[in-house]
Amino acid sequence: MLEKRDYVDKIIKKAIKQTEKYKDIGELASYIPELANVNPDSFAFCLVTVDGEVFSYGESEKIFSIQSISKILSLIMALHDNDPISVFDKVGSEPTSYEFNSLVPITDKATNPFINAGAMTTASMVKGANVDEKFERILAYYKKLSSFEDAYLIKDIYESEMETTDRNRAIAYYLKSKDIFSDNPNDVLDLYIRNCSIATNVCALAKTGAVLANKGYKPKTKEKLLSKKEVQIIVSQMATCGMYENSGRYLMEVGIPSKSGVSGGILGVVPGVCGLGVYCPRIDKSGNSVRGIELFKILAKDLGFTIFIN
Ligand code: GLN
């Protein structure tokens, strides 16, 4: 066991070193002012196996906002609260070549649950008497999935995005105008932005990934948090739609079902093996962490994480 641990540790350390050359590439997501208020050189990585073994590197306890990785959470809650077929009556399951906050991929429904319009649609399907209650349910579930009991809403991020979120407000009103949901668009938007503002760290992401990698069971405690059907839906949507308009290329070059966020985090799932979390806030034009992608690419190759070659 120790021998294997040393082997994995050595490969990860080497991969991290190899990605140092990417550390100045990419920009911070300044369209949400508070997101630019971070150290651009921060780096953290965590891997959690399906047996619950943790490998962590860099600033692994550093808090950042989960951003679009929360789209996994609203999909999970929508699936819990509704029959999966009815969820996909309201949101599509196909990738899009448009950016995450585009209105174009909204026809009779949003193209998939991992673009902003799709995540607002799934948020509108979460049960609760009001926005507070819905958000509390989502946050409570995230605490369970991630084993990050102290997860909370980062107020500065939430307020900063609420002040600048015209595009998302337009999306919420457009969805309502198309009868995709009947709720007040301001409430749906509020819930969506709260979800994006949840505090996380790389180990919380990797632990969530490990539940998905472990057929929905929490490593070690074996608590069942997701059904196999839910895992199948979430992981397959991560594979095809998780990296915005770069999802196809990413799947081809990396081959790990993943979901990214504009704060610079990526959550990866290697089915049957482990969950991954990386944080490095410089992102590319699509909104994906530049160094994070390069690290996953090397690990996919060196540790055999590509789902297509086994
Ligand atoms: N809160 C961000 C937004 O709605 C999330 C986008 C992202 O992470 N890609 O613009």
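This structure is a prediction, so every number in the text was calculated from the model and none was measured. All ligand and atom numbering here is 1-based and tracks the order in the structure.
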Report the residues that fulfil ring pair (Phe, Tyr, Trp, His ring centres under 6.0 Å) with Y279, sequence neighbours left out, ordered by chain and then residue number.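 Testing Y279 for ring pair (Phe, Tyr, Trp, His ring centres under 6.0 Å), a comparison that skips the adjacent residues, returns F64.
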Considering only N or O atoms, set out every pair between ligand 1 and the protein closer than 3.5 Å, with distances to one decimal place.
unit_1: ligand 1; atom_1: 1 (N); unit_2: Q67; atom_2: OE1; d: 2.6
unit_1: ligand 1; atom_1: 1 (N); unit_2: E161; atom_2: OE1; d: 2.9
unit_1: ligand 1; atom_1: 1 (N); unit_2: E161; atom_2: OE2; d: 2.7
unit_1: ligand 1; atom_1: 4 (O); unit_2: N116; atom_2: ND2; d: 3.1
unit_1: ligand 1; atom_1: 4 (O); unit_2: E161; atom_2: OE2; d: 3.2
unit_1: ligand 1; atom_1: 4 (O); unit_2: N168; atom_2: ND2; d: 2.9
unit_1: ligand 1; atom_1: 4 (O); unit_2: Y192; atom_2: OH; d: 2.7
unit_1: ligand 1; atom_1: 8 (O); unit_2: S68; atom_2: N; d: 3.1
unit_1: ligand 1; atom_1: 8 (O); unit_2: S68; atom_2: OG; d: 2.8
unit_1: ligand 1; atom_1: 8 (O); unit_2: Y244; atom_2: OH; d: 3.3
unit_1: ligand 1; atom_1: 8 (O); unit_2: V262; atom_2: N; d: 2.8
unit_1: ligand 1; atom_1: 9 (N); unit_2: S68; atom_2: OG; d: 2.9
unit_1: ligand 1; atom_1: 9 (N); unit_2: Y244; atom_2: OH; d: 2.6
unit_1: ligand 1; atom_1: 10 (O); unit_2: Y31; atom_2: OH; d: 2.6

Would you give me the side-chain donor-acceptor pairs under 3.5 Å for residues 100-111, sequence neighbours excluded?
unit_1: S102; atom_1: OG; unit_2: V104; atom_2: N; d: 3.0
unit_1: K109; atom_1: NZ; unit_2: F88; atom_2: O; d: 2.8
unit_1: T111; atom_1: OG1; unit_2: P105; atom_2: O; d: 2.6

In terms of hydrophobic clusters joined by side-chain contacts under 4.5 Å, are I16 and Y22 together? no
Examine the side chains of S124 and D183 and answer whether a donor and an acceptor come within less than 3.5 Å of each other.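 Result is no, nothing qualifies.
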Regarding Y192 and K71, do their side chains bring together a donor and an acceptor under 3.5 Å, going by distance alone?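 K71 and Y192 do have a side-chain donor-acceptor pair below 3.5 Å.
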Would you please name every residue forming a salt bridge (charged side-chain N to carboxylate O under 4.0 Å, His left out) with K297, sequence neighbours left out? E253, E294
